[in-house]
Each structure stands twice: as structure tokens, then as C-alpha cells.
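Numbering of ligands and ligand atoms starts at 1, following listing order. Throughout, numbering of the chain's residues begins at 1 and tracks the sequence.
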Amino acid sequence: MSFANKVIIVTGSNRGIGKAIAFELAKQGAWVVLNGRNETRLMAALNEIQGQCPKTIAIPADVSTKEGANTLIEDTYSHFGRIDGLVNNVGLSSRGTIAELSPEVIGQIFESNVYGAIFPTIYALPYLRKTQGSVVFISSLAGIRGLPGLGPYCAAKMALRAFVESIRIEEKKHKVHAGIVLVGKTEIVENKEAIGADGNFVVLKPRKDKKIQSMEQVAKATLKSMRKRKYIITLTPLGKVNLFLQARIPLLVEKLILKNIHKFEEGNQ
Ligand SMILES: NC(=O)c1ccc[n+]([C@@H]2O[C@H](COP(=O)([O-])OP(=O)(O)OC[C@H]3O[C@@H](n4cnc5c(N)ncnc54)[C@H](OP(=O)(O)O)[C@@H]3O)[C@@H](O)[C@H]2O)c1
């Protein structure tokens with residue numbers, strides 16, 4: 001798939017990984033639709049990216065609601081008359097153990113990561129069928145198995161894999177591609193928040209470790225998923241080993257995690 005003159009929506013693209021994906025697409029000649037809830041940030045991102053591609057537009061919408069997701073897709077179609085790709089990037093991480101968990105947090109995590117991905121997909125599929133387009137879900141290494149302190153986030157990201165697998169088979173005859181990118185620990189924007197077990201937001205510590213991926217690496221992997229119509233792309237060597245072992249010897253992975261539990265606790269901050 002060449003990206004030149006292709007209309008591609010990236011949800012949650014007014015900052016972070018979504019914005020990096022949008023920039024990479026614009027660089028390759030795509031007509032990108034930016035999205036986010038915060039309109040000030042959205043307009044700032046639009047101004048930046050229009051330097052690269054004047055065709056870029058921005059649609060403010062909360063994609064975790066049916067109305068917001070529908071607005072994003074219908075407004076895109078009204079503007080361009082076609083949709084070639086959808087990148088479901090919106091997501092919110094959680095922190096804390098299941099025993100500490102306020103039940104409302106489960107709802108918030110699923111609304112963001114699952115509803116926020118599947119609602120836009122439902123509305124986009126009829127248009128993607130017309131273009132034999134592509135839908136890519138941005139998941140996480142946390143979507144390979146349940147991890148300590150990240151239970152709701154892991155469960156939500158795992159749910160995305162089930163949707164991708166169903167869509168791949170259901171849409172085969174329409175030649176729509178569905179893929180998933182399992183993203184490792186990546187650099188974050190300043191003051192990025194996750195939701196704590198008690199429902200309060202916690203600000204994550206800046207990430208400086210050399211092993212941290214850049215947003216551009218994730219963006220390039222996302223474009224590869226679309227271009228080569230991949231099923232799963234797993235980032236980082238640790239992610240690839242984890243995926244392999246989890247499928248074959250999950251109890252070994254459990255033992256390794258228990259042995260390194262302090263690293264998980266530090267890493268979740
Ligand atoms: N960073 C990592 O280490 C990492 C690792 C693995 C996977 N991931 C995944 O990568 C994706 C992006 O992560 P990130 O670190 O770039 O996150 P981020 O910096 O928090 O950015 C999230 C983006 O989504 C938008 N957004 C959030 N909820 C929305 C909603 N309901 N409707 C529309 N837009 C919404 C935000 O803008 P508004 O707030 O203005 O709406 C923002 O543009 C997520 O799915 C995350 O789970 C990240």
C-alpha cells in the first residue's frame with residue numbers, strides 16, 4: 001500500500017504516539033485526519049502537520065462514545081469522500097492491583113481502550129470495504145498476558161486482539177486488512193497520566209532509559225502494519241520473546257515475572 005493521497009484517520013493524535021503516526025503518514029503523502037478531545041492541542045498539532053501536508057484536517061471528538069466515533073468517521077467521509085485507513089491509537093493505562101481496584105476504573109479503562117477502538121471501527125468498516133482499506137489497533141506488550149499492577153489495561157488490550165482476529169476473518173471477502181501493533185515501553189509526553197486503582201489520575205515519571213522506544217519507531221511499525229497488511233507486529237526483543245514464550249510455556253513466564261516483580265513495580269511508576 002502506498003500512502004500517497006490515501007485518507008487515513010488516526011484517533012488520539014493531538015500528542016504522543018498518535019501524533020507521531022500522523023506525522024509519519026503525512027511525510028509519506030497521506031491525507032491525515034487528526035483527532036482528540038482537547039481542541040487547543042488538536043489545533044496546535046494541525047498547524048504543525050499542515051506544514052508537511054496542507055490536506056490534513058482535524059476533527060475533535062470523544063471516540064469512546066458512539067456519537068463521537070460516528071462524528072469522526074462521517075465528517076471524514078463528508079470531507080474527503082473516501083476512507084482508506086483507520087489507526088485506533090486512543091488508550092489509557094491503569095495502575096494498581098485488582099484487590100485495590102475501584103470497580104469504576106474498569107469501566108473507564110474499557111471505555112477508552114476498547115470502546116474507543118471498536119466504535120470508530122464499526123462506523124468505518126463500510127467505507128474501508130469500498131477502498132479495500134486497513135484498520136490497525138495500537139495495543140501493548142501488556143496485551144500479551146496479564147501483568148502485575150496493570151490488570152485492567154492488560155485485559156482491555158487483550159480484548160483488541162480478539163476483535164482483530166474476528167475482523168480479519170469476517171472482512172477477508174471484502175479485502176479489508178486488520179492488524180495489531182504490540183507496543184513496548186515508549187517515550188511519553190510530559191505529565192502523561194494513568195488512572196490509579198482508586199480512580200484518581202497519577203502522573204507517570206519521565207522515561208529516560210536507553211531501552212525505551214521512540215515514538216517514531218512505533219509510528220514506523222504502524223505504517224509497516226498497513227503497508228504490508230500484517231497480522232501482528234511485536235516491538236522490542238523482549239516483546240518478541242514474551243510473545244513466543246507466553247504461547248508455549250506460560251508458567252515459565254509467570255515464574256520469570258515473580259522473580260523480577262520488583263522491576264515491574266518500579267517500571268509501573
Ligand atoms: N507510551 C507507551 O509507553 C505505550 C506503550 C504501549 C502501548 N501504548 C499505547 O499507545 C497509545 C498511545 O499512547 P500515548 O503514550 O501516546 O498516550 P497519550 O500521550 O496519553 O496520548 C493519548 C492521545 O489520545 C487522545 N485521547 C484520549 N482519549 C480519547 C478519546 N476518548 N477520544 C479521542 N481522543 C482521545 C489524547 O488527547 P485528548 O486527551 O485531547 O483527547 C491524546 O492525543 C495508547 O493506546 C497506549 O495504550 C503506549
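- Side chains of H174 and Q132 form no contact here, defined as non-hydrogen atoms less than 4.5 Å apart.
- For D198, the side-chain contact (heavy atoms from CB on, under 4.5 Å) partners at least two apart in sequence or on another chain are N200.
- Residues with a heavy atom under 4.0 Å from ligand 1: G12, S13, N14, R15, G16, I17, N35, G36, R37, N38, R41, A61, D62, V63, S64, N89, V90, G91, I138, S139, S140, Y153, K157, V183, G184, K185, T186, I188, V189, K192, R207.
- Side-chain atoms of K19 and N14 include no donor-acceptor pair closer than 3.5 Å.
- Q213 and T186 are linked by a side-chain donor-acceptor pair at a separation below 3.5 angstrom, with hydrogens and angles left out of the test.
- Residues I83 and I138 are members of separate hydrophobic clusters, defined by side-chain heavy-atom contacts under 4.5 angstrom among Ile, Leu, Val, Met, Phe, Trp and Tyr.
- L182 and F264 fall into different hydrophobic clusters, where Ile, Leu, Val, Met, Phe, Trp and Tyr side chains are chained together by heavy-atom contacts under 4.5 Å.
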